[in-house]
Every structure is written in structure tokens, then in C-alpha cells.
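Everything numeric here is computed off the predicted structure, so don't read it as measured data. Letters A, B, ... mirror the listed sequences (proteins, then strands); counts begin at 1.
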Amino acid sequence: MYTDLLANLNPEQGEAVTLPPVNEHGQAQSALILAGAGSGKTRVLTTRIAWLIQTGQVSPIGVLAVTFTNKAAKEMMVRLSAMLPINTRGMWIGTFHGLCNRLLRAHHKEAGLPSTFQILDTQDQLSAIKRLLKGLKVDDEKYPPKQLQYFIAHAKERGQRARELAVGDDFQAKMAQLYEAYDAQCQREGVVDFAELLLRSYELLKHNEAIRTHYQERFRHILIDEFQDTNALQYAWLKLLSGHDGSPVNVSGAGTSAVFAVGDDDQSIYAFRGADVENMRLYEKQFHPLMVKLEQNYRSHGHILDTANHLIANNSERLGKNLRTDAGHGELVRIYDAPSDHAEAAWLIEEIKALVSSGIKRTEIALLYRSNAQSRIIEHALFSAAIPYRVYGGLRFFERAEIKHALAYLRLLENPNDDTSFSRVVNFPTRGIGARSIEAVQDAARAQQCSLYLACSTLDGKAGSALGGFVRLVDHMREATRHNTLPETVEFVIQHSGLIQHYLSEREGQDRVENLQELINAATAFIAEEGYGQDAAAAMLPGENSPGAVEVSPLAAFLSHASLEAGDNQAQAGQDAVQLMTVHSAKGLEFTSVFITGLEEGLFPHENSINELNGLEEERRLMYVAITRAKERLYLSHTQSRMLHGQVRYNMPSRFLEELPTDSLKWLTPKAKDARWGGGNSGRSSGSTWQDVYTRQRESESNDFFDSGSERERPAKQLGRVGSAATSVRRMASPPRGNYPFTIGQNVFHTKFGEGRVTSLEGNDADARAQVNFKRHGVKWLQLSIAKLAAVD
DNA sequence: AACTTTGCTATTTTT
DNA sequence: TAGCAAAGTT
């Protein structure tokens, strides 16, 4: 009975789940669910699918559900299987990229791709671009590979091919030309990058009426998670597939599909990678959805929620939403003003210790920061205090060099024309193929417009024989593994490529060898658990009639999987460790206690965001996301001085602190509230002079160790030294020597520029200058003999 | 081909 | 500061 499905929903969730997918005229009716943080959005989305299926409004075959991350897709399938006795594996539930890959595998011919096409991840794409620029003899100073990569990705995300770009100047014209050359190179090699997966499948649907109609008629219900994160191309894809793109309604007259979009405009924090909240407003206008707001929050206590609501109210152009809770006010939000980043870290340690001894699990404590660079000092302090911790982010399994090498060999078995893979391993492990030989193949390949692999056979002499050996090696591995299972193939390749041997002989190669062994396990697990078809085309429902559907080899499916799901990026459960991560990676997570650190102007909001269009509002949303991660306790901290890029910086407290409701706050350092403009002692609100800060830094550096190794978890282990005598001496030389009427960090007032804080001092006597960070006018150097500067006491 | 030195840069990240 | 990538040395 479907009433079971709805039993545990609140009224607004129930309303969202059961919105009629058809209007009074019998046409598809779309919906937009504005789901606040912690309002049960995933539950609503999943229950919606279950409800549609259970009430017979659609069969599992007719559902398409899109998410942004594999984790979200997986969770949806797990929850769905728990609600309904159906096999979710064959359902079209996945990421945009995963589903597009599936589509392109099934219709590779119509999409103009070889059946063995490979997927380039961001690293691969960059090396492909570097190779392209070298081949074309383009000055990579003038056209930096990274910039071209960004240029191409963003053009594709807007749905634009090179020829469709408006070129304003010579530079743009050249970039567009390089974009076109890049696409041609990918096409020749049989590879597609991430954005290409989307653009190519969009074009496939757009230009092939039979295929478009087939999928339009099939997917009568399309559901999208995190709708605020969609980019222009994803939105266009959605309009096309659902029949809302204004093109003639499909042949059978079946009309449009019902789209069920769930999102939160206040949590849109990915504009920098092409996401456009504007899509929510466009969707409102173009799909005429029924709207439901989920404002009941099940996560945070009252003061925390009030803080979040109060802050986000400073943004304009919101769709409008206010979270509420039944949980009661709970505790006040604590604010700590530290004299230095070291002091901030030391305070974190004390608070964490107190929380842990009060019975809170370490996994329930999150330390959040705006940028990764901030984690170092916190890790250092945690390590010294012997508190277990885990850092989110960093290299993932399939991104590790040794794994990418092994995958490159495997890819060459599938598709020898993949020049990116060829270049990666042609001389790794080294086999006497030097720069000369490689140049020779590249020339030959260019002359004959063929792949490096094919060009090898046209070479003779030294280069020819060395490269011939490599080609024979790859051919041999392909032949020898023809009838092997996937794990057997992987094992054969890591052995016979010489990778294992290479790393065994390397001093610190043991971890890499273990990772390579782990790759065999991953292949075994892939075959067993995933049925190898999840992200590829292989998993079709019985009786599914998809034109041109093909079986994909386990190897091809595994390679897709490796590209599309780079592996775990997050701390694993089980170990009771404090969780460290950026605010971005905290999205979607929740913790009993949350510390938001580094709340300083320039850091959070980040200085680079100030000049970006709507940058400040995005930073505020980021802060909103950070706050709403906390269930019971929230701590906010900022420091007066912080080491950044090798320099001590003096930042103002974040403006966001001033946007919080005073009634919900509790200052742990009483004067901090007024510290910004020098309440208390001579502008040094917590009683530290710059020299104090300096001394403290040296002290804390001198007596402990820190391992900055690559492992994600760092238990007590062999460590390296930080803060050598040499560094300390150099730093000692840097304090200003002159007699100044001000000290660094002091608050001052200027008749014209207003209030500011001294950030640097130099010169002597008549030449003495002070650098001042003004509240309104930014950073300025002032000649002390001329400027009318007054100390604020 | 392994090693060292220099040079550059420094939000946020998934696929 | 430090971390990586490219260029230079043995």
C-alpha cells in the first residue's frame, strides 16, 4: 500500500511527493520543490519515484533520475530498493555524466564515436591540450594550457562548439581555433572529455529524431536533484529530453514529460564551475511547475537556524524560504576571536577535547575552512595533540599516478588510438624510448594524420625498433588477455607492463604496489557488485527496446567507471576521527558540532570573490551552507593575524559575523565584538602585540613535528620537521626596525579614508611609511610624515 | 635516466 | 611558505 510510503512524511513533504504529474487537460505537470537545508530533500525525491511506481503511474523503465554525484545516485537506489521490491540496477538513475555515457555507448554510431571511446578526466584533458599545443607549435605562455582547458570546458557547458563562438578579438579567435583543433584531436583519438559527454549526447538527441522520440516517449518522469547546480547545457538537455524545448511535440503526440526538480537556491555554491541558479527561475517560467517549499528543518537547533536565516536574508534575488524547527533554541552560537592562526588552532584543540570528554564522538565534530591551505595549521595542532582526524579531499583512488598508468595500458588494449594513454606509458616504466623517438612518432603521426600507435609501424631505425617493441608489448597483452576475466586482465597488465616491478624497485614504491594490487580487487568488486553495467550501456532492463543498444565489454565498462567515479574522496566511516574539510565539501553532510574557522575578510568571504559578479552573494550562500551543517553546536572563529603565502596577514573579522543575529550569539572573547574597530586596549583587542604573536608562532613551531605526507589519515607515525632554524632566523630579520608611532595590527583613523588597520611598516624617520587596510578604501601605503593618521583607542 | 635547481603560483570541485 | 612542474646537471 502506498500509504506506507507516505506515513513518515510531514504534510509539506507528503504534498510534494504526491503532486499530480498530470494537469486537468491530461498534460504532463512538472514540479519544483524548494528544499531547504536539512528538510528531507533526498527522502522526498526517492519517495516520489516509489510513489509514482507503486501507484502505477509509471513503470521503472519510464523513470529517469539525475544527480550530480555518484554518491547521491547510489543513495537514491539504495533507498528506493528499500521501499519497493524492484531491481534498481537497470533503472536510469545516475549522474548526468553517467547517463550520457550510457546513451552514447548505446548509440555510439549515431553519435559519431567508436564503440571503444574512452573518457578523459580533467588531468587527461590537460595533457591532451599540452600535447596539442606542442604539436601546433603554439606558444604556451601566450595560450596557457590551463586557460584553454577552462575556455573549452565553459564553451561546452554553454552548449557551444568552436564555430559558434563569438570572437571579439584575436586572442579569442585563436582560442576558438585551438578549441576546434582540440575537438578534432579527440575525435581522431576516440576520446571524449567530461563536458563532451553531455554536449555530444545533447547533440545526438537534438539531431536524431528517432532516438530523441524514443527516449522522450520512454522517460515520462524525469527527476532532478540539486537543481540549483545545473549548468546551461544540462538545462538544455533536460528541456530537450522532456519535450519542453519548443520543438514539435514528438511523433506519437504523447506530449511532454513531467519533470520533478528539487533544489535550493540558497545552497548554490558552484557558479565557478558553470552552475547557474538562474535555471531555477527559467524553469519556473518555461515549465510552469507546481511549487512546494520544504521549510521544516530536522537537523539544527533554533539558534543555529536563526543564525542561518538571518545571514541569508542579506542576499537579494532569492526565491524566498525560511527554515523552522521544532527542536527548540538549543545552545547559542559561540564566537572566538584569536590573536593568531596558531592561537585559533590551539583553541580548537581545547574545545575539541572538551567536546570529546563530554561524550561527543569525534566523527560528529567537523572543522570547516574556506580554502584547503587553512587545513595545514589545524592538522598540525591536531597531530601534536594526538587527536585522530581525517581530511576530506585530495587525490582519489583512480587519480593516483600508478593507477592512471595501469589504466592507460588497459585503455590501449581497448583503443590503441588513445594518444593520451599512449604518451603516458610509452616510456613508463622506462624502456629506452627517449625524447628523440617520441618526437619522431609525433612527426610521423602528424604527417599521416593518424594515431601515435599506428605511426610506430611506419618508423624504422633506432626509434622504430624501440617503439615497435612497445607496440608489440601492448598487442601481446591484448592477445594474451582476450579470453581472460577482467581481474585477470588487470593482473596480467600490471605484471607484464613492468609497473609492479618498477615500483617494487623504487624506494618508496610499496604503497604504489599495494594500490596496484588494490586495482585488481577493484576490478573483482566491479564485476561482482556492479554487474559491470551501472554506468555503461550494458544494463538494460529485460524487454527494453533501445535502438542500437550494444553490450559493452567488462573492460570498457570498468574503464568508464574509473573515469566517471574517481573513487572515495571522503573519510570512511568506522574510525572515530575529527572531520576536516572545506565548506564546499561539507555540503550535504551534517555534524553534531561544527567549527567554521578563518572567518576573516579576504578569506571568507574570499578576496577573489569580491570582484566576481555576484561573488559576495555566493560567499554568503557558502557561509549559509556551513552554518546549516551543525545540529547542536556551532562555533565561529577568526584571527587577527594569519600566515598566508609566506607572509603574515592582518585581516578584519568577516563581514558575515556582523550579519548574524546578536541574540543567538555568545562571544567567548568578550571584547571581540568590538575588536574590529578597536574596542578595548589600543586596538589590540585580545591583548596581544604583534611581537607576542610572533613569539608564540616560534614557540609552537619549535617543539613538535608534523607529517605532511600524502596519506589521508595520519596516526602517530614517522614525521618530518617543520620550522627549521634557518626559517626562524630569516623571519627574525623581517621585523621593522624603525621607531613608529603605530604598531602592526593597530587600528587607526584617517581623515579622508576613515577607519583602518595597520598591516605593515617600513622606512625610517622622514621616510617612514605605514600600510593600512582601510575599511572602505582598501589597502594603502601612507607616508607617516604627511598623512593624518590617528590611533584609535 | 636519475638527480637537483629554479620558477611560479597560491579559492572553491564533480564528473 | 610550500608544492609542483619544468628546466638544467651529472
Side chain to side chain contact (heavy atoms under 4.5 Å, CB included) partners for [X], two or more places apart:
{"X": "A:C186", "value": "A:L120, A:Y182, A:V191"}
{"X": "A:N415", "value": "A:T116, A:Q118, A:N417, A:D418"}
{"X": "A:I433", "value": "A:V426, A:N427, A:R431, A:S437, A:I438, A:A466, A:L467, A:F470"}

Handout entry: Residue mapping more 5' on DNA chain B - nearest nucleotide basis, A:A373 or A:H502
Key =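 Its nearest nucleotide lies further toward 5', so the answer is A:H502.
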
Handout entry: Candidate nucleotides B:dT11, B:dA1, B:dT12, ranked by approach to the side chain of A:H606 - the nearest
Key =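 Shortest atom-to-atom distance from the side chain points to B:dT11.
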
Exercise for the section: Counting heavy atoms from C-beta on, name the nucleotide in B:dT15, B:dT13, B:dA1 closest to the side chain of A:S585. Expected result: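 For the A:S585 side chain, the nearest candidate turns out to be B:dT13.
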
Exercise for the section: Would you please determine if the base of B:dT15 is stacked by A:H97, with stacking meaning a centroid separation under 5.5 angstrom and planes under 30 degrees? Expected result: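 No, A:H97 does not stack on the base of B:dT15, since the centre distance and plane angle fail the 5.5 Å and 30° test.
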
Handout entry: DNA chain B-proximal residues of residues 272-280 of chain A, any heavy atom under 4.0 Å
Key =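 Within residues 272-280 of chain A, the residues near DNA chain B are A:F272, A:R273.
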
Practice task
Give, ordered by number, those residues of residues 607-626 of chain A having at least one heavy-atom distance below 4.0 Å to an atom of DNA chain B; if nothing qualifies, reply none.
Solution key: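 Only A:N608, A:S609, A:E612, A:E619 qualify.
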
Exercise for the section: Could you tell me whether A:G432 contacts a base, only the sugar-phosphate backbone, or nothing, with contacts defined as non-hydrogen atoms closer than 4.0 Å? Expected result: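 Since only primed, P, OP1 and OP2 atoms lie under 4.0 Å of A:G432, the category is sugar-phosphate.
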
Exercise for the section: Would you classify B:dT12 as syn or anti? Syn applies when the glycosidic angle is within 90° of 0. Expected result: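 Anti for B:dT12; the angle lies over 90° from 0.
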
Output all residues satisfying ring-ring contact (aromatic ring centres under 6.0 Å, His included) with [X], sequence neighbours left out; order by chain, then residue number.
{"X": "A:F68", "value": "A:F96"}
{"X": "A:F272", "value": "A:Y270, A:H584"}
{"X": "A:F595", "value": "A:W347, A:Y635"}

Exercise for the section: Take the protein atom CD of A:E506 and the nucleotide atom C1' of B:dA1, then report the distance between them rounded to whole Å. Expected result: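 That distance rounds to 13 Å.
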
Problem - Rounded interatomic separation in angstrom, taking CD from A:Q374 and P from C:dG3 - result: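 To the nearest whole Å, that distance equals 16 Å.
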
Handout entry: Residue pairs fulfilling salt bridge (charged side-chain N to carboxylate O under 4.0 Å, His left out) with at least one residue in residues 222-236 of chain A, sequence neighbours excluded
Key =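 Qualifying pairs, neighbours excluded: A:K41-A:D225, A:K41-A:E226, A:E226-A:K587, A:D229-A:K587.
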
Practice task
Can you sort out the partners of A:Y235 under side chain to side chain donor-acceptor pair (under 3.5 Å), two or more places apart, ordered by chain and number?
Solution key: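 Checked A:Y235 against side chain to side chain donor-acceptor pair (under 3.5 Å); matches are A:Q286.
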
Find every protein N or O atom lying less than 3.5 Å from an N or O atom of nucleotides 4-8 of chain C, and list the pairs.
unit_1, atom_1, unit_2, atom_2, d
C:dA6, OP1, A:K130, NZ, 3.0

When the side chains of residues 139-149 of chain A are checked against the rest of the protein, which donor-acceptor pairs come out under 3.5 Å, sequence neighbours left out?
unit_1, atom_1, unit_2, atom_2, d
A:D139, OD1, A:E141, N, 2.9
A:Q149, NE2, A:T122, O, 2.9
A:Q149, NE2, A:Q125, OE1, 3.1

Exercise for the section: Give the ring-plane orientation class for A:H405 versus A:F428, where under 30° counts as parallel, over 60° as perpendicular and anything between as tilted. Expected result: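 Parallel: the ring planes of A:H405 and A:F428 meet at under 30°.
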
Exercise for the section: For the pair A:K404 and A:E399, find out whether any cationic side-chain nitrogen is under 4.0 Å from an anionic carboxylate oxygen. Expected result: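 Here A:K404 does not pair with A:E399 in a salt bridge, since their nearest N and O are not under 4.0 Å apart.
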
